[in-house]
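Notes for the one structure printed next.
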There are 2 protein chains.
Amino acid sequence: MQKPKKSNKSETTRSLILATALRLFRERGFEETTMRLIADEAGTSLGNAYYYFRSKDELIHSFYASLQIEQLAACEGILAVEKSLRGRLAGIIRAQLGIMTPYHRLFMSLFKIAADPTNTLNPFSEDTREVRNASIHRFSDAVGGANERITDDLKEELPMLLWLYHMGIVLFWIYDRSSGFVRTYKLIELSSDLICNLITMASLPLLAPLRKSALQLVVSLREI
Amino acid sequence: MQKPKKSNKSETTRSLILATALRLFRERGFEETTMRLIADEAGTSLGNAYYYFRSKDELIHSFYASLQIEQLAACEGILAVEKSLRGRLAGIIRAQLGIMTPYHRLFMSLFKIAADPTNTLNPFSEDTREVRNASIHRFSDAVGGANERITDDLKEELPMLLWLYHMGIVLFWIYDRSSGFVRTYKLIELSSDLICNLITMASLPLLAPLRKSALQLVVSLREI
DNA sequence: GTCTATAACCGGATAGAC
DNA sequence: GTCTATCCGGTTATAGAC
């Protein structure tokens with residue numbers, strides 16, 4: 001965001017606070033980790049933690065950003081290999097979940113906060129636009145490099161729709177108590193199959209009217 | 001919920017606190033109304049407000065219940081007249097929104113709390129099951145009494161799916177800033193058309209495989 | 001001007017005296 | 001049943017140190 005000159009000391013303190021916070025978030029969840037504890041464990045004061053991070057949420061924004069970078073790298077590998085839409089779609093969702101897995105507990109406790117549409121951590125909010133757009137762009141790549149032929153009108157809306165679908169999978173994953181998240185991975189198989197079939201069918205001339213009205217609906221919803 | 005014998009004084013104080021709370025919620029929203037202010041305006045103490053209501057959320061519950069009863073009555077009228085699935089579906093959704101409209105502001109501020117899946121006010125939670133089942137049942141009536149022929153496997157899942165759709169409309173309505181909520185009513189027209197077309201098509205033999213796998217997905221999702 | 005710390009404030013919730 | 005005093009945790013004000 002901003003890049004004022006920073007002394008070594010400052011940068012060290014800042015990353016110490018962030019690292020401590022992320023460790024505690026992982027270990028105890030979001031609500032259970034107090035700002036006082038973060039400051040304590042980082043060996044500094046509460047006021048100082050607030051000097052570096054204007055709010056508790058801002059610590060999470062930093063986490064979002066670093067996660068984003070990791071996910072991008074993981075997806076590049078998948079998209080270079082997989083060429084079917086289904087393989088690309090399921091592949092990048094699995095890869096992204098893999099990166100998120102160590103933080104499953106944090107995501108569980110985060111959901112309650114992120115579900116609030118007025119909260120800056122909400123995945124649909126203005127404040128997360130950058131991260132969200134980067135994520136949507138990966139689905140754009142997934143659609144763009146796939147073998148399947150898809151009608152142009154659909155292709156335009158697909159990245160956002162598939163990102164939305166992926167958010168649904170993430171939601172399921174957050175609540176998935178099965179060991180190794182097998183239920184989530186099963187759901188990815190089932191649903192990506194279904195969705196790719198739907199996309200293929202939607203491109204058939206027979207279903208053009210239905211596709212048109214569905215797309216019209218999507219467009220009107222986007223203008224909220 | 002519970003009906004222990006209550007002295008006149010007690011009942012008076014309790015309803016005074018509740019009435020004061022609901023007025024302030026309407027005037028200022030949920031978060032902006034502090035428990036201290038409620039107690040103050042009701043002419044009692046903070047501790048006493050907590051004696052009658054274990055939490056701020058509990059003040060909202062009676063509001064929920066009374067709304068439910070009003071909505072049921074409004075829907076009965078619609079379902080007695082409308083015979084097409086589309087008319088019944090759009091009709092009961094419009095009717096229910098009509099009942100909710102005077103409370104739009106309260107719903108706006110309430111959404112943030114109700115979106116939290118661990119909160120008792122969450123529409124998917126255990127604590128709202130009764131109200132939710134009553135609501136789903138109305139969609140069951142809407143499907144059951146409609147003229148259209150719908151395959152049995154689909155018919156079974158439809159009430160819950162349509163309730164889910166209606167929750168989406170409510171979400172849109174909460175955020176709808178257009179005067180008279182015209183955008184919401186437009187959305188109801190567009191989407192109920194689309195959904196009824198989808199239901200009709202899904203019952204065609206050609207699309208049986210797609211329908212089967214979609215229903216399989218729905219069933220597996222319900223077991224979360 | 002860049003850090004760090006201490007002492008508050010605020011609002012939901014609780015304890016315990018009367 | 002009703003109150004006052006208090007806890008708790010996010011956040012802020014602010015005073016000083018470097």
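Numbers restart at 1 for each chain; the letters A, B, ... are given by sequence-line order, proteins then strands.
If you measure from atom CD1 of B:I113 to atom P of C:dG12, you get 11 Å, rounded to the nearest angstrom. Rounding to whole angstrom units, CG of residue B:L59 and C1' of C:dA13 are separated by 13 Å. Counting to the nearest Å, the P atom of C:dT4 and the CG atom of A:D40 are 15 Å from each other. At whole-Å resolution of the value, CZ in A:F53 and P in C:dT4 are 12 Å apart. Atom CD1 of B:I38 and atom C1' of C:dG11 are 12 Å apart (whole Å).
By the 30° and 60° cut-offs, the orientation of the rings of A:H166 relative to A:F139 is tilted. Taking the six-membered ring where tryptophan is involved, the planes of A:W173 and A:F181 are tilted, since the angle between them lies from 30° to 60°.
Between the A:T120 side chain and the A:D127 main chain, no donor and acceptor come within less than 3.5 Å of each other.
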Between B:D176 and B:S178, does a side chain to side chain donor-acceptor pair (under 3.5 Å) hold up when you go through it step by step?
CA-CA 6 Å; B:D176 187 356; B:S178 67; 2.7 Å; yes
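In this structure, the ring of A:W163 has its center less than 6.0 angstrom from the ring center of A:F124. Taking the six-membered ring wherever Trp is involved, the centroid distance between the rings of A:F63 and A:Y103 falls below 6.0 Å.
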Going 5' to 3' through nucleotides 7-18 of chain D and flagging B where a protein heavy-atom sits under 4.0 Å of the base, S where only the sugar-phosphate is that close, and - otherwise, we get --BBBB------
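Looking at the side chain of B:Y52, the nearest of the listed nucleotides C:dC3, D:dC3, D:dT2 is D:dT2.
OP1 and OP2 of C:dT6 both lie 4.0 Å or more from every side-chain N or O belonging to A:S45. OP1 and OP2 of C:dC3 both lie 4.0 Å or more from every side-chain N or O belonging to A:T13. Phosphate proximity of D:dG1 to B:N48: absent, as no side-chain N or O sits under 4.0 Å from OP1 or OP2. Between A:Y51 and C:dC3 there is a side-chain polar atom (N or O) within less than 4.0 angstrom of OP1 or OP2.
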